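Take a look at the structure below.
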Amino acid sequence: MNYWLMKSEPDAFSIDDLASRSGKREPWDGVRNYQARNFMRDDMKKGDQVLFYHSSCAEPGVVGVARVVKEAYPDATAFDPESKYFDPKSDPDKPRWFMVDIQLVRKLKRVITLAELKQNPQLEGMRLLARGNRLSVMPVEKEHFDTVLSML
DNA sequence: GCCAACGTTGGC
DNA sequence: GCCAACGTTGGC
């Protein structure tokens with residue numbers, strides 16, 4: 001079992017959006033970063049646990065827990081000229097971008113803010129907190145995953 | 001809106 | 001393959 005953190009801008013797709021989806025599931029489309037793609041395509045397994053993180057908003061932080069319910073498959077939005085995620089260089093016969101499906105496990109009672117995470121010495125070394133980190137999908141150590149949720 | 005940090009692109 | 005220019009992310 002692996003642990004992950006996935007970022008989303010709540011203006012675009014929030015934890016409440018996930019909660020309101022049929023089956024509380026959603027295909028994680030639109031990832032256009034190779035490192036993030038590789039994590040999804042190569043390392044994410046069904047049942048893996050995910051910290052759902054709100055970025056670029058008034059109160060950035062962890063807002064929920066989700067799990068991987070479908071392993072990587074081609075991201076069809078890359079083939080759709082109407083999509084904002086369209087990438088003409090992604091060929092349906094040789095897809096460049098992949099996505100997984102995630103499902104909400106629970107929404108947290110409150111936001112565990114980035115400011116709090118930064119103050120917790122037990123989270124030293126957490127990738128999210130590394131300088132200049134911009135990855136939207138990244139691995140989380142189990143110890144860090146548990147620590148974050150213990151801060152509720 | 002600013003800006004630091006990082007990724008991608010493309011000329012050479 | 002180098003690297004400057006440009007685009008994006010994301011906190012503040």
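Residue numbers start from 1 in every chain, and the chains themselves are labelled A, B, ... in the order their sequence lines are given, proteins ahead of strands. The model shown is predicted, which means the values in this text are computed figures rather than measured ones. What you see below is based on every heavy atom in this structure, not just the backbone, and it leaves out hydrogens, waters and symmetry mates.
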>> For A:Val105, give me all partners under side chain to side chain contact (heavy atoms under 4.5 Å, CB included), at least two apart in sequence or on another chain.
In response: A:Val65, A:Arg67
> For A:His54 and C:dC12, what is the distance between atoms NE2 and C1' respectively, to the nearest whole Å?
Replying inline: 19 Å
>> If I take atom CZ in residue A:Arg127 and atom P in nucleotide C:dT9, what distance separates them, rounded to the nearest angstrom?
In response: 18 Å
> side chain to side chain contact (heavy atoms under 4.5 Å, CB included) with A:Glu59: which residues, sequence neighbours excluded?
Replying inline: A:Val111, A:Thr113
>> Considering only residues two or more places apart or on different chains, which pairs with a residue in residues 87-144 of chain A satisfy ring-ring contact (aromatic ring centres under 6.0 Å, His included)?
In response: A:Tyr34-A:Trp97
> Can you list the residues that meet the salt bridge (Lys or Arg N to Asp or Glu O under 4.0 Å) rule with A:Asp48, with sequence neighbours excluded?
Replying inline: none
> Over how many whole Å does the gap from A:Leu129 atom CG to C:dG11 atom P extend?
Replying inline: 11 Å
Short heteroatom pairs, N/O only, protein and nucleotides 5-7 of chain B, under 3.5 Å:
from, atom 1, to, atom 2, distance (Å)
B:dA5, N3, A:Arg134, NH1, 3.1
B:dC6, OP1, A:Arg131, O, 3.1
B:dC6, N1, A:Arg134, NH1, 3.4
B:dC6, O2, A:Arg134, NH1, 2.0
B:dC6, O2, A:Arg134, NH2, 3.3

> Taking only N and O in the side chain of A:Lys89, is any of them less than 4.0 Å away from OP1 or OP2 of B:dT8?
Replying inline: no
> Would you say C:dG11 has OP1 or OP2 under 4.0 Å from some side-chain N or O of A:Lys7?
Replying inline: no
> Given A:Asp75, which of A:Arg37, A:Arg96, A:Arg32 fulfils the side chain to side chain donor-acceptor pair (under 3.5 Å) condition?
Replying inline: A:Arg32
>> Run the salt bridge (Lys or Arg N to Asp or Glu O under 4.0 Å) test against A:Asp91 and tell me which residues pass, sequence neighbours left out.
In response: none
>> Nearest whole Å is fine: how far is C:dC12 C1' from A:Glu59 CD?
In response: 14 Å
> Between C:dG10 atom C1' and A:Tyr53 atom OH, what is the distance in whole Å?
Replying inline: 8 Å
>> Just the rounded figure in Å: distance from C1' of C:dG10 to CG of A:Leu117.
In response: 15 Å
> Expressed in angstrom and rounded to an integer, what is the separation of A:Glu9 atom CD from C:dT8 atom C1'?
Replying inline: 10 Å
